Q: 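Would you mind keeping the following structure in view while I ask a few things?
Just so it is clear, the values below take in all heavy atoms, side chains as well, and ignore hydrogens, waters and symmetry mates. Every value quoted in this text rests on a predicted model; they were computed, and no experiment measured them.
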Amino acid sequence: MARSKSGIDKNLTNVVEDLERTPVNAHQAQQMQQKVNDRRHRDINNRDHNKDMDPSH
């Protein structure tokens with residue numbers, strides 16, 4: 001995990017900040033969840049680096 005100079009875990013700090021936010025209504029809650037889902041989807045796409053095993057190129 002990423003650690004800042006002060007020894008505080010930045011990833012955990014971000015999680016705590018996300019948990020501290022309380023949605024005002026159902027629409028805002030859905031928007032917050034969609035933001036998390038989009039970030040996870042982006043992370044999955046960035047990690048998907050399959051090697052091209054086809055030598056015909």
Side-chain angles (χ1 to χ4, degrees):
M1 290 189 187
R3 292 195 180 265
S4 66
K5 292 180 182 178
S6 62
I8 298 172
D9 190 330
K10 184 176 178 182
N11 293 326
L12 290 178
T13 303
N14 291 338
V15 169
V16 170
E17 288 175 3
D18 287 343
L19 292 175
E20 288 176 343
R21 294 188 184 113
T22 305
V24 176
N25 55 28
H27 178 71
Q28 186 181 15
Q30 190 275 334
Q31 292 294 315
M32 290 169 67
Q33 185 60 46
Q34 188 62 47
K35 184 177 179 181
V36 171
N37 292 343
D38 290 344
R39 185 172 56 228
R40 287 180 183 158
H41 184 74
R42 239 184 354 258
D43 289 345
I44 289 170
N45 285 340
N46 289 339
R47 291 186 184 129
D48 187 23
H49 297 293
N50 294 332
K51 287 187 177 181
D52 187 5
M53 302 302 279
D54 184 10
S56 64
H57 301 307

Q: Below 4.5 Å, heavy atoms only, C-beta onward: do Arg42 and Arg39 meet side chain to side chain?
A: yes
Q: Rounded to the nearest 0.5 Å, how far apart are CD of Gln30 and CD of Gln33?
A: 8.5 Å
Q: Looking only at heavy atoms, which two atoms of Pro23 and Met32 are closest? And how far apart?
A: CB-SD, 4.0 Å
